[in-house]
4 protein chains.
Amino acid sequence: MSEKSTAPRRTQAERRSESEEALLDAAADLVAERGIERASLASIGERAGASRGLPTHHFGSKDALIERLARRAQDCIQDSMVAGVERARRAVGDLSELDLILVSVDIYLEIFFDNPSPEERALLVIWGSTFPSSSSVEGMAEAHRRSYQGWADLIEAGQEAGSIRGDIDSNSFSVLILGMIRGVAGLSLTDAGVVDTQLVRDSCRASLSAALAPQSHVT
Amino acid sequence: MSEKSTAPRRTQAERRSESEEALLDAAADLVAERGIERASLASIGERAGASRGLPTHHFGSKDALIERLARRAQDCIQDSMVAGVERARRAVGDLSELDLILVSVDIYLEIFFDNPSPEERALLVIWGSTFPSSSSVEGMAEAHRRSYQGWADLIEAGQEAGSIRGDIDSNSFSVLILGMIRGVAGLSLTDAGVVDTQLVRDSCRASLSAALAPQSHVT
Amino acid sequence: MSEKSTAPRRTQAERRSESEEALLDAAADLVAERGIERASLASIGERAGASRGLPTHHFGSKDALIERLARRAQDCIQDSMVAGVERARRAVGDLSELDLILVSVDIYLEIFFDNPSPEERALLVIWGSTFPSSSSVEGMAEAHRRSYQGWADLIEAGQEAGSIRGDIDSNSFSVLILGMIRGVAGLSLTDAGVVDTQLVRDSCRASLSAALAPQSHVT
Amino acid sequence: MSEKSTAPRRTQAERRSESEEALLDAAADLVAERGIERASLASIGERAGASRGLPTHHFGSKDALIERLARRAQDCIQDSMVAGVERARRAVGDLSELDLILVSVDIYLEIFFDNPSPEERALLVIWGSTFPSSSSVEGMAEAHRRSYQGWADLIEAGQEAGSIRGDIDSNSFSVLILGMIRGVAGLSLTDAGVVDTQLVRDSCRASLSAALAPQSHVT
DNA sequence: AATGAATGAGTATTCATTCAT
DNA sequence: GATGAATGAATACTCATTCAT
């Protein structure tokens, strides 16, 4: 109606995607809050300001919705980290590959400790729900692959450039890095208050630095 | 006594604790397999070779059962690790505090990768289920406290004895260590096959060693 | 309209309220028959010709359903009594306030003894279930308030008009009247056959008449 | 042991009956509090300071226990009323049959309003639970028979002695009287606070007096 | 596209009862 | 006589999914 002039009439696709975004936002909230099983489709629809039936209508099934959520959350976190690294680069000037890794890890933990988005918590929750052997969230496995690849690429680049020692295995260190940040993040949820987050961040950075930096001249 | 040979004359107390152990075994199995929510009390009772009602009868509620399971699993894992360390000590002779840490971590991962007990998987699953903010398994928080304490004590002892560098914070490194092994273990579940477990173990050992070992003479 | 002949084209709202009425009918039946506790939601759904899950779907909880039932039953009984009084008025002509009370009580008992509707029995059953101290059916308390008010208004009107003696307390007589009809109705259920219902009706009428009528000239 | 001397060693029968009394006390409490269905045998055993299994052991089934409770409660209330009437007789001197009825009713309500014993509440609760048509507590029907008989005997005696008018039906008035006190008592439970108990007692007395007293000479 | 009515399977929990000690 | 372990049926409530509107 009155949307005629400047406001670009929303296409079907856009309207669809608006609904979907709202639903995924609500899902992230609720999954972060209650876990996957207790985040009912009805509650997701309602928190999104829509009907109880909309989630099924859009995603077909709960599994599909969670899959989509996992994917979107991973993208979203990736973006935050890239943005953070970019900020660091502008502040500090050039960063070696090792520095990139350290900064990335640190930014992830900083965001997670200080100002976690629902997506971040939701992704962790979804990860946690994959531990049972009969469980599988296809989106998670894919997210891991992407993540491993990113770390491994960085490590290998650093090895070529000399900022990372050459005798380490990039693949297993990718697992180690992702495991460390996920594990530390997961622990901080239960033990909030017990853990001094700044010190933990420092320790992670120091530990990775010690492990990845080229060996100093040892006599 | 009145214990006529091998006759199944058990006292009430014996029957009770036998039942409980059987139920906890079954619960560990099923929780590891399906997760907490999908491990129904009925299925636990039946897998224990008993009735559907027995779990509630014994533990009063599902939460209480999970609590008990978490505690027992933590104890059980602790024991495995102590036994493994003991074996290592007998094989290698004296171990420094740093070595103790490295060996412990390695043994945990070895067991987890190669021959995980239901308890170990179950504990990880229970941990994963604590990620939602509204969730809480009292037993987990306690298990963490015990675990942190163990690592921190080791680190501090090592610092006094000189096998661990003095300028690190024992508490935050405890979080890091537990986070690392939990996180790596969790990842290995989803990405079994992707991850070369031996290399990951080596990387963890190397990384911790680099971080904790007293600094070599740097020029 | 779009209401094609008698076709079962019902709007959502119509379907909803039809379902609810059917469920409340079934609930009245079953509560009257078995009591609240033994009238399971599943049985109510099924007797209503619907699924086991429908009662919860509509009313949210069993308590809410019972509440609604109590309210509806009270309304329904009220209506029967009003209709009965109206019939009496048409038959006999003008009725004094005292007569209104006597006729109302008599009609209630007549219906209850001779041709009780499920609602009437159900309301009595619900009332009986409020006797335990920890129990409460909010709908009942409200039903009582309405009922007391009705009787008290009548009494006071009669006192002003002179058909009821002035020295009685309208509130406590309201309790007495409601207590009497409820109590007598309740007894008649257990002792059906023992009690000659016509005589009891007469006795109630006589007793109330003697108590409420203006004092005759006593020498 | 030390019970040897004066303390009469308890016979089996006595011990049995001690246990039973304790169980019935506990049952009265719990039934009054929660209703029959929610007063579990286990809770009764435990409140009696015994084991969960004792109630079944003694009474065989829950129904049998409730039966026994109903019987004992009725006896107990009867005794209170007799005692109260006795007190009144000593205080006021001779009482006509009409006075006996009025005093009995008044005492019942007084006890119920001011200082109800668990038995009294329990009996009312049990009565309430007999309203569903498929329900039956054999003890209640018997209690009613005894009660009706008592009132009817009194009325007939009064009619012969001239203290009660001759043209009323003793049986239906028995129902009326018991219904009135039960009904008023039942209402007072839900509407405690709404009801001015003293005024209600007065109204009951006045109403019965007006109904039963020999007709004054009406011109 | 969107709503929400309806379904039915699943689950924790309660509880009377049985039975071994 | 007394205990309490064990059973299994019953039941309120949750929730993904289907389908009519």
Side-chain angles (χ1 to χ4, degrees), chain A residues 12 15-16 19 37-46 50-63 65, chain B residues 2 8-20 37-46 48 50-63 65, chain C residues 2 8-20 37-46 48 50-63 65, chain D residues 12-13 15-16 18-19 37-46 50-63 65:
Chain A
Q12 293 272 34
R15 287 181 56 193
R16 175 174 192 94
S19 283
E37 312 256 0
R38 308 187 113 94
S40 69
L41 291 178
S43 67
I44 290 171
E46 277 168 358
S51 69
R52 309 153 82 82
L54 199 58
T56 315
H57 184 63
H58 269 292
F59 300 98
S61 78
K62 189 171 183 176
D63 282 355
L65 187 158
Chain B
S2 58
R9 273 292 155 87
R10 296 164 303 164
T11 66
Q12 298 258 52
E14 278 168 348
R15 284 174 65 193
R16 178 165 195 100
S17 72
E18 270 176 41
S19 286
E20 286 196 354
E37 312 256 0
R38 308 187 110 93
S40 70
L41 291 178
S43 68
I44 291 171
E46 276 166 0
S51 68
R52 310 161 72 81
L54 198 57
T56 315
H57 178 65
H58 271 285
F59 299 99
S61 74
K62 189 169 183 178
D63 282 357
L65 187 157
Chain C
S2 58
R9 272 293 157 87
R10 295 164 305 164
T11 64
Q12 298 257 52
E14 277 168 348
R15 285 174 66 193
R16 178 164 194 103
S17 72
E18 270 176 41
S19 286
E20 286 196 353
E37 312 257 0
R38 308 187 110 95
S40 70
L41 291 177
S43 68
I44 291 171
E46 276 167 0
S51 70
R52 311 160 73 81
L54 198 58
T56 316
H57 179 64
H58 270 285
F59 299 100
S61 74
K62 188 169 182 177
D63 282 358
L65 188 157
Chain D
Q12 293 272 35
R15 286 181 57 192
R16 174 172 193 96
E18 267 177 45
S19 283
E37 313 257 356
R38 307 186 114 95
S40 69
L41 291 178
S43 67
I44 290 170
E46 278 168 359
S51 69
R52 310 155 81 81
L54 199 58
T56 314
H57 184 63
H58 268 292
F59 300 98
S61 77
K62 189 170 183 178
D63 281 357
L65 187 157

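Labels below follow one simple rule: chain letters A, B, ... track the order of the sequence lines, proteins then strands, and each chain is numbered from 1.
Rounding to the nearest 0.5 angstrom, the gap separating the CD atom in D:Glu46 from the CG atom in D:Leu54 is 11.5 Å. The CZ atom of D:Arg52 sits 9.0 Å away from atom OG of D:Ser43, with the distance rounded to the nearest 0.5 Å. Going from atom CZ of C:Arg16 over to atom NE2 of C:His58 covers 5.0 Å, rounded to the nearest 0.5 Å. The structure places CD1 of B:Ile44 at 5.0 Å from CG of B:Leu65, a figure rounded to the nearest 0.5 Å.
At whole-Å resolution of the value, NZ in B:Lys62 and C1' in E:dT11 are 8 Å apart. Rounded to whole angstrom, the span from the NE2 atom of B:His57 across to the P atom of E:dT13 amounts to 15 Å. In this entry the distance linking CZ of D:Arg38 with P of E:dA16 reads 12 Å, nearest Å. Between the P atom of F:dT18 and the CZ atom of A:Phe59 lies a distance of 17 Å, rounded to the nearest Å. Distance, A:Glu46 CD to E:dT3 P: 11 Å, rounded to whole Å.
Side-chain proximity of A:Thr56 to F:dA16, F:dT17, E:dA12: nearest is F:dT17. Here the nucleotide nearest the side chain of D:Leu54, chosen from E:dA6, F:dA12, F:dT3, is F:dT3. In the set F:dT11, E:dA6, F:dA16, F:dT11 carries the atom at the smallest distance from any side-chain atom of C:Ser40. Considering only the side chain of C:Ala50, E:dT7 comes nearest among E:dT17, E:dA1, E:dT7. For C:Leu41, taking side-chain heavy atoms from C-beta onward, the closest of the listed nucleotides F:dA12, F:dA16, F:dA6 is F:dA12. Counting only heavy atoms from C-beta on, D:Ser51 has its side chain closest to F:dG4 among F:dG4, F:dA12, F:dT17. Considering only side-chain atoms of A:Ser61, the nucleotide from E:dT17, F:dT17, F:dT7 that sits closest is F:dT17.
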Can you run through DNA chain F from 5' to 3' and write each base as (, ), [, ], | or . depending on how it pairs? Watson-Crick or G-U wobble, both distances under 3.5 Å. .||||||||||||||||||||
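Within 4.0 Å of B:Arg52, counting heavy atoms only, lies no atom of the nucleic acid at all.
Nearer to the 5' terminus of DNA chain E, by closest-nucleotide assignment, is the contact made by B:Asp63 (compared with the other of D:Gly53 and B:Asp63).
Listed pair D:Ser19 / F:dG1 fails the phosphate criterion, with no side-chain N or O lying under 4.0 Å from OP1 or OP2.
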